[in-house]
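Shown next, in structure tokens, is the structure this report addresses.
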Amino acid sequence: MAPFKRVLVANRGEVALRVIRACHEEGLEAVAVYSDADRLSPHVRAAHVAVPIGAAPAAESYLDIAKLIEAARTTECQAIHPGYGFLSERAPFAEAVTQAGLTFVGPPATAIQAMGDKTEARRRMQAAGVPVVPGTTRPVPDHVQAGAEAARLGYPVLLKAVAGGGGKGMRLVRDEAELESAFQGAESEAMKAFGAGELYLEKYLDRPRHIEIQILADTYGRVVALGERECSIQRRHQKLIEEAPSVAVTPALRRRLSEAATAAAGSVGYLGAGTIEFLLAPTGEFYFLEMNTRLQVEHPVTELVFGVDIVREQLRVAQGQPLRVHSGALQPRGHAIECRITAEDPFNDFLPATGMIRYLQAPSGPGVRWDGGVEAGNEVTLFYDPLLAKLIVWGDTRAAALQRMRRALRELVIVGIPSSQAFHLRVLADPDFQRGDVDVTYLERVGERLLAAELAPELIQPLAIAAALLAEEQRASAAAAAPPTAPPPARPSVWTLAARRESVGG
Ligand code: MV4
């Protein structure tokens, strides 16, 4: 926990850039690592030094513990920040970093371990007085035992993977007849995904919201809660839109959630930034779901409503410095929303897209934050997850933040690959979303309808500009490849055409 000077950022893309920026603001040097696929990525240039760590597949680069520790050694780093994803929640990585005499910017390996086993997490939370979803606190060995437990809980129940999280190895069981095959399906899926097939049972909650509490803990025994994030807008367990605060959380409920979250973190000796996930039932009851022992993708919405830089606080805690956050009943100010801009085609079942980003115009202006990881000229591949950037806005009210997000999304221009941009605009235009009338099944229920709706008029102009830019670019590269022998015929540029179209309201 000694002060350090140089930090190796064991990640890529927007989170690598986010951590490098925090390092620089803390007066620390940052060392980037990059795979063969990321030589031209912005995070490589943002760092003081960048170390190549291998081939594009993550297993040969961003997941290779020995290479990362060796890169930290040769560049004389004293610490490693894992970002999110990749090795961020692997206890053996935290352990190896520490064993190498480096500081792991994150919680102790023991806390990662305890929360990674979902039944152990449930036992610990129960012991700490945190409400957990009714269910088993030990793995169920077979479908017969599961049947006995399910009868006790009452159907429907959920089978979940002990080593799981994020919905893999999870099966809904409506009645006893479904149990045996559900058990086998969940077990083999868990085995494939985690190398461990153990399952446990929970009572199934109908239409809950996903609410999570951000916590920070330092080495002086302080644990503070930075309110909730509403994360119910997700598709197949991938979040698309997050906000803070949640329309469903009153100051009184926030206090109770925060107390539960700080108790949860305290009970595992937590350090740094962490998140306690809860399900909030329509009845108002809440239940511990799991703890994420890392920085989260959606951390910026909390930063904007609490005026805290979570990554800088992580770096402070890791150096043995006290949190700069004040205690007491912290309340959010205003409202923040995040849209995840992914390289996925919403009109083709969110198929991950690949190709070169030809042109990128990020939104800006009042209250707008763009946490991106790519720029024009970068190639998007299938080696890594499809997150290109996060667009985050703040407004003094939720309505103002929604309006600002729509404005910012209209400013965004991405040429070359499809993105989630158009889908976000459709969600933002939906009356249920606007009222905050959402739960974890929202996108499953309304996604198709949103996509079938008329193209939002506000999107037509950015799409026309994008198409015009691409045409211009292709014309220019064709001309460069084969210089014309005769001067080209005079014709209006695509810019002129786009401007004409706009002037007639097209
Ligand atoms: C649940 C649930 C209802 N009841 N548990 C999905 C992923 C994993 N983190 C937990 N998940 C759920 N657990 C009980 N007892 C509903 C979900 C769930 C969900 C949770 C959070 C965010 C989105 C979700 C989408 C579908 C189901």
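Read the numbers this way: they start at 1 and go in the same order the structure lists the ligands and their atoms.
- Of the residues listed (D432, D437, D439, D430), the one engaging R445 in a salt bridge (Lys or Arg N to Asp or Glu O under 4.0 Å) is D439, and it is the only one.
- Annotation: cation-pi pair R398/F433 present, NZ/CZ under 6.0 Å from the ring centroid and within 45° of its normal.
- Closest approach of V247 to G436, counting heavy atoms only: CG2-O, 3.6 Å.
- Residue Q434 qualifies as enclosed at atom CD: its count of foreign heavy atoms under 6.0 Å is above 12.
- Heavy-atom minimum distance, R404 versus W394: NH1-O, 2.5 Å.
- Residues lining ligand 1 at a heavy-atom distance below 4.0 Å are given as V133, L158, K160, G166, G167, M170, E202, K203, Y204, L205, H210, Q234, H237, L279, L289, E290, V440, ordered by chain and residue number.
- Classification of the Y384-Y62 ring pair by plane angle, with boundaries at 30° and 60°, yields perpendicular.
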